[in-house]
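In what follows, a structure is listed as structure tokens, so that the remarks can point back to it.
These numbers come from a predicted model, not from an experiment.
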Amino acid sequence: MSTTNAARERVEKLLDDNSFVELGAAVTARSTEFNIKEIDTPSDGVITGYGLINGSLVYVYSQDASVLGGSIGEMHAKKIVNIYEMALKMGAPVIGIIDSVGLRLQESVDGLDAFGKIFQSQAMVSGVIPQISVIYGQCGGGLSVIAKLSDIVLMESEDAKLFVNSPNTIDGNKTLDTASSEYQSKHGNVDIVASDDDLMAKARDIISILPSNNDDEAMDYESQDDLNRASEGIEGSAPSEALKVIADDGFLIEMKKDYAPCMFTGFIKLNGATVGVFANNKDKVCANGFKKAADFVKLCDAFEIPILTLTDIEGFEESETTESYSMDSVSKLVYSLANATVPKVNVITGKAVGTAGIVMNSKSLGADIVYAWPNASVSMMDADKAVKIMYADEIAKGEDVSQITAEYNALQANIEKAASRGYVDTIINPVDTRKYIIGAFEMLYSKYEGTFEKKHGTK
């Protein structure tokens with residue numbers, strides 16, 4: 001793909017055939033400083049307009065690196081801000097295709113103000129209409145803020161660069177490419193990485209699962225999957241595999257796959273509706289895993305996307321490096337779940353131990369429905385650890401406490417005990433998981449949950 005045509009071709013690849021309508025095509029740079037007037041600046045380095053994705057209205061801008069490196073100046077930014085204003089009026093998503101060297105140096109403070117105007121537009125529409133950034137080329141400095149102000153960031157795997165400071169300007173850095181998709185995805189700044197050929201297809205998939213705005217529904221009535229289909233082979237599977245069994249036609253999109261892999265986050269379709277899912281991939285979850293889940297819950301709640309959790313957790317990962325911020329990450333997940341007003345369903349597939357079990361969408365934090373498999377357990381602490389604490393003196397004397405451990409398991413960790421106290425609504429067979437989850441979300445479809453009046457929380 002040639003640089004000259006890349007910006008327009010990317011738009012055409014993203015949108016439905018023949019649906020793109022360009023706006024502001026005649027706009028050019030206005031500054032006369034540094035001889036910029038002598039340079040041809042068609043469309044001022046950014047193509048803007050609207051079109052359709054699977055028949056739904058979207059607004060799009062695509063930076064043209066062949067025009068002053070796709071740099072952002074006054075008129076370039078004005079075109080993007082105009083797209084945001086129109087998208088907000090129509091309640092439609094904005095997709096930014098980023099390929100730019102950053103601030104247009106020739107326009108100095110006008111360029112700085114231009115960045116600020118885009119930031120302001122993004123902040124004002126956040127949580128109202130979805131914002132998607134698709135990074136194809138350079139996305140550095142202030143542009144990285146534009147990307148992170150978006151709800152979802154996609155990045156081309158080979159040539160795209162995302163950075164605040166260029167890798168070669170970082171003191172002591174000689175070999176690490178901190179701008180690469182591999183680095184940025186591992187650090188949670190990118191949701192999906194894909195090849196040039198697949199990136200726009202991924203962006204279309206994302207738009208297909210999100211509502212057009214926070215007052216819309218993320219529904220797709222085309223699924224013909226049996227609502228009562230058995231969830232065969234779900235036991236013992238990793239969360240991603242279990243979710244494919246549960247979902248309509250195996251539909252699954254994982255988010256932030258390379259960041260904190262101890263926690264899974266993603267979207268599935270159930271009875272034609274989009275459902276956000278998070279589930280722990282390991283018995284003990286790291287601090288970043290809880291932060292990853294917290295951010296995901298906030299995204300789902302903002303756009304009225306129901307939340308499903310699969311829980312099989314024993315505790316928090318023990319690490320000196322994460323001890324300093326684990327409590328902050330866990331508290332963020334607690335806060336986001338407690339404040340989320342969308343339908344929330346939890347399935348305990350294994351253990352739900354201690355505080356870690358509580359923060360994984362428990363009844364205590366406002367889960368509407370909690371199911372559990374027959375072999376699941378809910379307990380304050382692992383039986384072996386609990387007995388070692390309670391009977392430390394007896395153990396020190398060499399007494400056998402194995403019987404006590406068994407009794408503790410039977411009395412305290414038994415799933416029926418948790419159900420008898422109302423912490424679990426129904427104990428279900430794994431094979432029936434799909435139909436029970438669909439039934440729960442159908443029942444919760446018209447859920448309304450008022451909130452206390454306050455300016456905002458602090459987490």
Side-chain angles (χ1 to χ4, degrees), residues 7 23-24 27 29-31 43-50 58-65 67-155 160-166 179 184 187-191 203 206 210 213-214 295 298-299 302-303 455-456 458-459:
L23 301 173
V27 172
R30 196 169 68 92
S31 175
S43 299
D44 203 34
V46 63
I47 295 169
T48 57
Y50 63 91
V58 297
Y59 288 81
V60 62
Y61 67 87
S62 180
Q63 294 176 314
D64 186 352
V67 179
L68 295 175
S71 58
I72 295 181
E74 178 191 6
M75 301 307 290
H76 183 120
K78 188 174 182 180
K79 291 178 67 176
I80 294 175
V81 170
N82 179 57
I83 288 297
Y84 267 95
E85 290 174 348
M86 295 186 71
L88 185 61
K89 291 176 184 177
M90 297 304 299
V94 173
I95 305 168
I97 303 172
I98 298 176
D99 187 357
S100 168
V101 295
L103 177 67
R104 185 171 296 167
L105 300 179
Q106 294 94 329
E107 298 193 26
S108 188
V109 291
D110 290 332
L112 280 174
D113 181 67
F115 261 114
K117 292 290 198 304
I118 298 174
F119 295 162
Q120 172 76 358
S121 296
Q122 289 186 277
M124 291 299 98
V125 306
S126 180
V128 181
I129 55 174
Q131 303 177 66
I132 314 298
S133 285
V134 185
I135 304 171
Y136 263 101
Q138 296 284 314
C139 181
L143 268 169
S144 66
V145 178
I146 290 177
K148 283 302 293 179
L149 279 169
S150 302
D151 299 304
I152 296 175
V153 180
L154 298 92
M155 189 171 179
K161 300 295 180 183
L162 173 62
F163 57 91
V164 176
N165 297 292
S166 181
Q184 292 297 343
H187 288 79
N189 293 320
V190 176
D191 294 283
I206 290 296
L210 294 176
N213 55 68
N214 65 346
D295 291 342
K298 286 189 288 186
L299 173 65
F303 291 107
K455 186 174 182 181
H456 57 73
T458 61
K459 286 295 178 186

Provide the closest heavy-atom pair for S62 versus A7 in the form atom of the first, atom of the second, distance. OG-O, 2.9 Å
Which heavy atom in V101 sits nearest to a heavy atom in S71, and how many Å separate them? CG2-CB, 3.8 Å
CD1 of I72 to OG of S100: how many Å apart, nearest 0.5 Å? 5.0 Å
At what distance, to the nearest 0.5 angstrom, does CG of L299 lie from CG of L210? 7.0 Å
Contacts satisfying salt bridge (charged side-chain N to carboxylate O under 4.0 Å, His left out) that involve residues 112-124 (not counting sequence neighbours) are D113-K117
CG-CD distance between N189 and Q184, expressed to the nearest 0.5 angstrom: 4.5 Å
Minimum-distance pair of heavy atoms, taken over all atoms of T48 and I80: CG2-N, 4.5 Å
Qualifying ring pair (Phe, Tyr, Trp, His ring centres under 6.0 Å) pairs, either residue in residues 96-118, two or more places apart: F115-F119
Whether K79 side chain and G24 backbone form a donor-acceptor pair below 3.5 Å: yes
How many angstroms lie between CG in D99 and CG in L143, if you round to the nearest 0.5 Å? 10.0 Å
Closest approach of M75 to V27 (non-hydrogen atoms, all atoms of both residues): CB-CG1, 3.7 Å
Exceeds 12 heavy-atom contacts within 6.0 angstrom, atom NZ of K78: no
Flag side-chain contact, heavy atom, 4.5 Å: Y50 against I83: no
Is a side-chain donor or acceptor of D191 paired with a backbone partner of V153 at a separation under 3.5 angstrom? yes
Work out which heavy atom in A147 is nearest to a heavy atom in S133; give both atom names and the distance. CA-OG, 3.6 Å
Just by modelled atom types, is the G127 backbone N or O under 3.5 Å from a matching donor or acceptor in the N214 side chain? yes
Taking the side chain as every heavy atom from C-beta outward, state whether L88 and M124 have any atom pair closer than 4.5 Å. no
Between K148 and G188 the two heavy atoms that sit nearest each other are NZ-O, 3.6 Å
Between the side chains of Q131 and Y84, does any donor sit under 3.5 Å from an acceptor? yes
The reported gap from CD in Q122 to CD1 in I129 (rounded to nearest 0.5 angstrom) is 10.0 Å
Is there side-chain contact between I118 and V81, with at least one heavy-atom pair below 4.5 Å? yes
Nearest 0.5 Å, please: how far is CD1 in I95 from CD1 in I132? 6.5 Å
